[in-house]
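Let me begin by presenting the structure, written as structure tokens, before commenting on it.
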Amino acid sequence: MHDQNFKNLILDYPVQALQFFAAEEAHDDLQQARIIPFRQEQLKERLGDRFHELDTPLLVEWPDGRREVILFLLEEETEARRFSIHRLAHYCLDLSELAQTERVVPVVIFLDRGHHPYELHLGGDRHTYLSFQYISCELKNRSADDYRTSGNIVARLNLPNMRYAKEQKLDIYHDAQLGLVQLEPDPKKQLKYIDFVDYYTNLTEDEIETYRKDYLSEAEARMGLAQILREEGRKEGEIKGEIKGEAQMLLKQIQLKFGGHPVWVEEQINLAGKDQLDQWVERILFVDTLEQLFKV
């Protein structure tokens, strides 16, 4: 689950991902580079062997030749205790041989605070014959306060994965939602990464209710929550074939904004066509009463 979440995030936003996860190796001219996914399945020593599939290898090249081609290997680790630096070194050596380059930058994204080795040195009494390091991006050790207004969408979406005080949880969720709305103009990607923010924030029912009361008055937050509810409504509509997705979603919006509704509201919604429902879905963002919503 986590691997796929981060793989999608990195492939959708490769420049921002490298700038956030591997800042020390991400040059300022990444915008002029061509970034393409490299093969994830490594070659086998023997055909019967199990293959190793890397998380997200990225090949970065500059068409004008200003820099040499470089490979970034980004690996996600949910539990630091399961991380193997020997395995990572093996991956990098294989990747170097496959791509015929020594310009390989390994990056590991850790989701927890567990202990893990940072360096590997192989040698004898007189010499070190292999020295290996990698960029360690420990999200829980990064302060969310440093990124709450960041223009990097990868950083904003990862705010819930960073370090913050317990009482800041809703503020952090809010800033991640706003970052998504402000920095991603594509509605399809907004819907896609609303799930990412929700998954890693993991709000309780009480926290959702508090968020509704304290943040829903702001236009940006309204838009973000409306998109969440629209998606939830569509999903429920698919599961419950007898209830239109749009109607179910509108009822959810009403429940969150007004805390409930009289019988006549549900009757109007059940009788409405799709165009009318679409109008109400948009209008609810800007009205203060049910009467204004339905223009009673």
Side-chain angles (χ1 to χ4, degrees), residues 144 148-149 153 156-157 159-160 164 166-296:
R148 289 178 61 177
T149 59
I153 191 168
R156 291 290 285 274
L157 293 176
L159 285 174
Y164 55 86
K166 185 177 180 180
E167 60 271 16
Q168 289 184 291
K169 185 175 183 180
L170 292 183
D171 288 336
I172 296 302
Y173 176 74
H174 179 62
D175 289 334
Q177 291 277 17
L178 288 183
L180 176 58
V181 173
Q182 294 166 352
L183 300 173
E184 177 50 77
D186 185 344
K188 290 183 179 179
K189 283 190 177 178
Q190 288 181 2
L191 287 173
K192 180 178 181 178
Y193 287 102
I194 279 171
D195 288 340
F196 185 95
V197 175
D198 280 354
Y199 182 80
Y200 289 107
T201 309
N202 193 25
L203 295 178
T204 65
E205 291 297 325
D206 288 343
E207 288 168 337
I208 292 173
E209 178 66 15
T210 301
Y211 183 77
R212 176 187 71 81
K213 292 178 180 177
D214 295 349
Y215 295 88
L216 199 55
S217 59
E218 296 188 26
E220 296 91 347
R222 288 179 179 180
M223 290 299 293
L225 189 57
Q227 289 161 340
I228 295 173
L229 295 172
R230 182 176 289 110
E231 184 66 4
E232 287 180 353
R234 289 189 181 126
K235 289 176 181 176
E236 290 205 15
E238 292 172 0
I239 297 171
K240 301 179 179 179
E242 73 278 7
I243 302 176
K244 291 181 180 179
E246 290 280 270
Q248 186 69 8
M249 179 271 296
L250 180 58
L251 287 171
K252 276 179 170 287
Q253 286 181 298
I254 291 171
Q255 180 66 32
L256 281 172
K257 184 163 186 176
F258 299 109
H261 59 270
V263 175
W264 64 265
V265 167
E266 194 160 348
E267 291 175 348
Q268 285 216 37
I269 290 175
N270 289 335
L271 291 173
K274 187 177 185 306
D275 290 343
Q276 181 64 74
L277 287 169
D278 287 341
Q279 291 179 17
W280 288 337
V281 164
E282 297 300 328
R283 189 186 301 163
I284 195 173
L285 304 176
F286 310 104
V287 300
D288 296 316
T289 67
L290 286 170
E291 286 72 23
Q292 290 174 338
L293 173 62
F294 296 101
K295 291 187 176 179
V296 175

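Note: hydrogens, waters and symmetry copies are ignored here, and every other heavy atom, side chains too, is used.
One finds the CG atom of L251 at 10.5 Å from the CH2 atom of W280 (value rounded to the nearest 0.5 Å). Between L293 atom CG and I254 atom CD1 the span is 5.5 Å, to the nearest 0.5 Å. The distance from atom CG of L159 to atom CG of L180, rounded to the nearest 0.5 Å, is 11.5 Å. Here the straight-line distance linking atom OH of Y193 with atom CG of D198 works out to 14.5 Å at 0.5 Å rounding. In this structure, L271 CG and E266 CD are separated by 11.0 Å, a value rounded to the nearest 0.5 Å. Separation of atoms OG1 (T204) and NZ (K169) is listed at 6.0 Å; rounding is to 0.5 Å.
The two residues L157 and F196 make their nearest non-hydrogen contact at O-CE2, 3.5 Å. Taking both residues in full, the closest heavy atoms of W264 and L290 are given as CH2-O, 4.4 Å, listed atom of the first, atom of the second, then distance.
For the pair L178/R156, a side-chain contact is recorded, criterion being any heavy-atom separation below 4.5 Å from C-beta on. Side-chain atoms of T201 and I172, non-hydrogen and from C-beta on, never get closer than 4.5 Å to each other. Side chains of R148 and D171 form a contact here, defined as non-hydrogen atoms less than 4.5 Å apart.
E207 places no side-chain N or O within donor-acceptor distance of the main-chain N or O of L170, the cut-off being under 3.5 Å.
Remark: the Q177 side chain and the Y173 side chain contain an N/O donor-acceptor pair separated by less than 3.5 Å.
Residues satisfying the side-chain hydrogen bond (donor to acceptor under 3.5 Å, both in side chains) criterion with K189, sequence neighbours excluded, are absent altogether.
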